There are 2 protein chains.
Amino acid sequence: MRLTKKGDYALRAVIQLASADGVPKSISHLSKVGAIPRNFAAKILKELANAGILKSYAGKNGGYRLAKSAEEISFREIIEAVEGPIIINRCIEDSSDCSRVGFCRMYDAWMTTQRKVVDLLDGVRISEIIDKKIDTFSVG
Amino acid sequence: MRLTKKGDYALRAVIQLASADGVPKSISHLSKVGAIPRNFAAKILKELANAGILKSYAGKNGGYRLAKSAEEISFREIIEAVEGPIIINRCIEDSSDCSRVGFCRMYDAWMTTQRKVVDLLDGVRISEIIDKKIDTFSVG
DNA sequence: TCGATTGTGTGAATTATTTCACACAATATT
DNA sequence: AATATTGTGTGAAATAATTCACACAATCGA
């Protein structure tokens with residue numbers, strides 16, 4: 001019932017890039033400034049790019065930048081990109097996993113709760129974080 | 001970002017007991033009917049009792065029953081009883097864990113989101129599940 | 001072409017979760 | 001009181017998930 005470090009790292013990186021004005025930032029830089037282990041950062045950034053949140057540029061002066069505007073990127077999108085779909089209870093994901101299919105009275109309740117939580121996280125946009133400018137500088 | 005099996009099991013047991021009209025049900029029975037490994041069930045039920053959600057009765061014909069009404073028991077309460085406090089992001093729980101304390105722009109956003117999620121889960125009451133009577137019988 | 005950069009795949013280390021065993025304490029029924 | 005039944009508490013084995021390192025391939029810019 002908590003965000004993994006991977007998800008946290010992903011958020012940090014995206015926040016960082018949202019403040020970069022479209023200039024690509026390298027894995028090493030994002031790793032350093034976000035306190036993310038280098039190779040783990042590489043894997044995470046790659047996944048964010050696969051999800052269409054970031055865009056990668058290879059070669060010198062390359063790196064990652066946002067693939068769309070900060071208004072269009074939500075907490076949910078980032079979290080799901082690296083952690084997989086937000087599934088509040090397994091039974092929603094794969095009911096074959098549950099021997100009680102068909103007569104479990106919890107299913108509807110979970111479906112409803114699930115949707116509410118996802119909507120909630122979908123409502124939190126990266127732009128909201130960025131707008132709260134803090135003079136201390138950088139690190140998302 | 002998902003409920004553990006332990007939390008799921010806890011919910012099942014409570015739902016089951018909420019339909020038992022105050023008659024104590026044994027660990028073995030709850031284990032069987034809820035498809036919960038026996039000793040794991042014992043541990044979970046004990047924790048629910050410690051949290052004041054259930055009440056235990058030793059001896060023959062003993063077992064567990066609700067300690068209060070189904071209206072007073074929420075998803076949040078049950079989940080927190082067995083999984084510990086719902087902490088959506090570690091930094092909220094223990095900021096010393098984060099090297100970025102003081103200049104991280106995410107903290108406020110997490111605090112707000114955290115509160116919303118907890119409120120949401122607190123709003124889901126066991127009675128809601130029970131009220132949706134299903135003829136198929138039992139197992140929460 | 002050279003050097004800096006990203007992409008990929010494997011797997012190990014670490015941590016968390018899940019499961020269970022075992023010995024003991026408490027209670028109710030007879 | 002005896003006995004069967006229930007819960008209590010500790011801990012540890014088994015599994016699964018998470019986190020990260022390493023090595024090398026591919027790509028771009030100058």
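Predicted, not measured: the structure shown is a model, and the values here were computed from it. Excluded from the calculations below are hydrogen atoms, water molecules and symmetry mates; all remaining heavy atoms, backbone and side chain alike, are included. Order of the sequence lines sets the chain letters (A, B, ...), proteins ahead of strands, with each chain counted from 1.
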Atom pairs, protein N/O to nucleotides 7-15 of chain D N/O, distance under 3.5 Å:
residue: D/dG7; atom: OP1; partner: B/Ile27; partner atom: N; Å: 3.3
residue: D/dG7; atom: OP2; partner: B/Ile27; partner atom: N; Å: 3.4
residue: D/dT8; atom: OP1; partner: B/Ser56; partner atom: OG; Å: 3.4
residue: D/dT8; atom: OP2; partner: B/Tyr64; partner atom: OH; Å: 2.4
residue: D/dG9; atom: OP2; partner: B/Lys46; partner atom: NZ; Å: 2.7
residue: D/dG11; atom: O6; partner: B/Lys43; partner atom: NZ; Å: 2.6

Whole Å only: how far is the CD1 atom of A/Ile44 from the P atom of C/dT6? 15 Å
D/dT6 P sits how many Å from B/Lys32 NZ, rounded? 10 Å
Does B/Lys68, at its NZ atom, have more than 12 non-hydrogen atoms belonging to other residues, nucleotides or ligands within less than 6.0 Å? yes
In whole angstrom, give the distance that lies between atom CZ of B/Phe40 and atom P of C/dT19. 6 Å
Rounded to whole angstrom units, what separation is found between the NZ atom of A/Lys5 and the P atom of D/dT19? 7 Å
NZ of B/Lys55 versus C1' of D/dT6: gap in Å, rounded? 14 Å
Can you tell me how far P of C/dT19 sits from CG of B/Asp8, to the nearest Å? 10 Å
Could you give all pairs that pass the ring-ring contact (aromatic ring centres under 6.0 Å, His included) test and reach residues 2-32 of chain A, with sequence neighbours left out? A/Tyr9-A/Phe40
Round to a whole Å and report the spacing from CD1 of A/Ile36 to P of D/dA21. 12 Å
Exceeds 12 heavy-atom contacts within 6.0 angstrom, atom NZ of A/Lys6: yes
Without decimals, in angstroms, what is the distance between A/Glu83 CD and D/dT18 P? 7 Å
Kindly check if the number of other-residue, nucleotide or ligand heavy atoms within 6.0 Å of NZ (A/Lys60) is above 12? no
Think B/Tyr9 has a side-chain N or O under 4.0 angstrom from the OP1 or OP2 of C/dT18? no
Taking side chain as C-beta onward, heavy atoms only, is A/Arg38 less than 4.5 Å from A/Ile27? yes
Apply ring pair (Phe, Tyr, Trp, His ring centres under 6.0 Å) to B/Tyr64 and list each qualifying residue two or more places apart in sequence or on a separate chain. none
